[in-house]
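Positions are given from 1, in the same order as the sequence printed here. Note that ligands are numbered from 1 as they come in the structure, with each ligand's atoms numbered from 1 the same way.
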Amino acid sequence: MIRQAVLLVGGRGTRVWPLTDTVPKGLLPVAGVPFIELQFRLLAEVGVEEVILAIGTSHESAWRAYAEGMTEPIVHLAVEHTRLDTAGPLVAVRDHLDDRFLVLNGDVVLEGNLSQFVENAPDLPAVLSLVAVDDTSAYGVVVTDDNGNVERFIEKPPPGTSPTSSVNAGMYLVSRSVFDGYPEGALSFEQTVFPSLVEQGLLGGVTIDGVWLDIGTPPLYLQTHRDVAAGKSRLVEMEPSHLHVGADVAGQLEGRWNYVAPGAVIERGASVSESIVLAGATIRPGSVVQDSIVGWHAIVDGARLSDSTVVGAEAVIGRDCELSAGLRVAPGSELSPGSVTFAAPS
Ligand code: GTP
């Protein structure tokens, strides 16, 4: 039985910036639910009673506010004053760890059968959960032998060149002894701990079936909502009517899904399609927002947004601006009318 889990939520979250300027990645809402809540729901399925949240100092108060008053599971915060990377946080809390426990990356959740993973994992000091993906080129592929021992890793193999489609799903079953001999300080699972275990034949890998949600980049954060809206998640549901209670929507909601947070306003004459509009944001008449993310209290004032554009909190996007191709607008910026476009004004 596994009683304890460590959640790694102290990364910088640069790939999903500027949202992570305002909110830590693990607390970004998915259909209104802080992402980490999905992990707590998954861990509850195997009876985890105690969670250590490994955090940095940059969003410490947000994490404290979130963890305050939680009784099930019991949550402890382990605060790092220098970046410890993915395995260093475990070395830092080694004295508080059970003999065997779960470690979860804070920005992915694999909705598989966790009990089966815990019960059937090979008897090795560390076992990775693996998930099969269609396109391996963005991931570290994990090659295992017939007994579930990891033989090697292949970093981001181009499509069609990989011997397997299994990639590291970001959830591990780990024994405390794995950290014996490592000094306190920054340490990476991926760069150091796992390769060393592979050399000794001590790393296992188990492929798990299930939806894999990832919020690590803007396109993945959007894809997570797409999957949730399609009913693929058992951990979180989205309002079938497209709307979240508390949003004020007089404009058009198009496409197969939208997440509009409480306090957000879509004014008449604005159109929003397959996008995330976060709390307090306003989409004014003449705006067209497609496949994009509008941050907290930002204003889109008659602009066109598409293709994974991300608008930071409290930014203002002026009339006739055209933002696309993954453009990111820093929190609080103001783009004056027509100041960013793909073509000269007509
Ligand atoms: P990017 O900057 O966008 O790559 O994000 P990230 O900093 O979160 O890095 P990455 O996604 O590779 O990290 C995987 C997981 O490890 C995430 O859940 C991070 O929060 C976590 N993580 C990464 N670095 C640290 C760290 O120094 N300390 C702690 N506690 N967690 C970390």
Looking only at non-hydrogen atoms, which of E80, R15, Q39 approaches atom 3 (O) of ligand 1 most closely?
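Of the listed residues, R15 has the closest heavy atom.
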Between V16, N105, T20, flag the one that comes closest to atom 14 (C) of ligand 1 by a heavy atom.
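Answer by nearest heavy atom: N105.
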Looking only at protein heavy atoms, identify the closest one to [atom] and say how far it is in Å.
atom: atom 7 (O) of ligand 1; result: R12 N, 2.7 Å
atom: atom 27 (O) of ligand 1; result: D85 N, 2.8 Å
atom: atom 20 (O) of ligand 1; result: G11 N, 2.9 Å
atom: atom 21 (C) of ligand 1; result: L8 O, 3.6 Å
atom: atom 9 (O) of ligand 1; result: K25 NZ, 4.4 Å
atom: atom 16 (O) of ligand 1; result: T86 CG2, 3.6 Å
atom: atom 2 (O) of ligand 1; result: T14 OG1, 2.5 Å

Checking contacts here: is it the side chain or the backbone of V9 that comes within 4.0 Å of ligand 1, counting heavy atoms only? Could be both or neither.
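Answer for V9: backbone.
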Relative to ligand 1, is L84 under 4.0 angstrom through side chain, backbone, both or neither, heavy atoms considered?
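Only the backbone of L84 comes within reach of ligand 1.
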Do any nitrogen or oxygen atoms of G10 come within less than 3.5 Å of a nitrogen or oxygen of ligand 1?
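Between G10 and ligand 1 (N or O atoms, distance only) the closest approach is under 3.5 Å.
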So for ligand 1, is G216 a polar contact partner (N or O within less than 3.5 Å, distance only)?
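The answer is no, given that G216 and ligand 1 share no N or O pair closer than 3.5 Å.
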Short side-chain donor-acceptor distance under 3.5 Å, [Y] and [X]:
X: Q200; Y: S196; result: yes
X: S306; Y: S324; result: yes
X: E274; Y: Y259; result: no

Mark the output for P89 as yes if a heavy-atom distance to ligand 1 is under 4.0 Å, and as no if none is.
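The answer is yes: ligand 1 sits under 4.0 Å from a heavy atom of P89.
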Note: R15-D107 ion pair, threshold 4.0 Å (strictly below)
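D107 and R15: salt-bridged.
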Any side-chain heavy atom of V289 sitting closer than 4.5 Å to one from T309?
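They are not in side-chain contact.
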Taking the hydrophobic residues Ile, Leu, Val, Met, Phe, Trp and Tyr, and joining any pair whose side-chain heavy atoms are under 4.5 Å apart, which ones share a cluster with V316?
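Reading the cluster by chain and number, V316 sits alongside I299.
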Same apolar cluster: L327 and W17, side chain cutoff 4.5 Å
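Hydrophobic grouping puts L327 apart from W17.
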Parallel under 30°, tilted from 30 to 60°, perpendicular over 60°: which one fits the rings of F194 and F189?
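The arrangement is parallel - the two ring planes meet at less than 30°.
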Assess the residue pair E45 and S115 against the criterion (side chain to side chain contact (heavy atoms under 4.5 Å, CB included)); give the C-alpha distance rounded to whole Å, side-chain angles, the decisive distance to 0.1 Å, and a yes or no.
CA-CA 8 Å; E45 293 178 358; S115 315; 5.7 Å; no
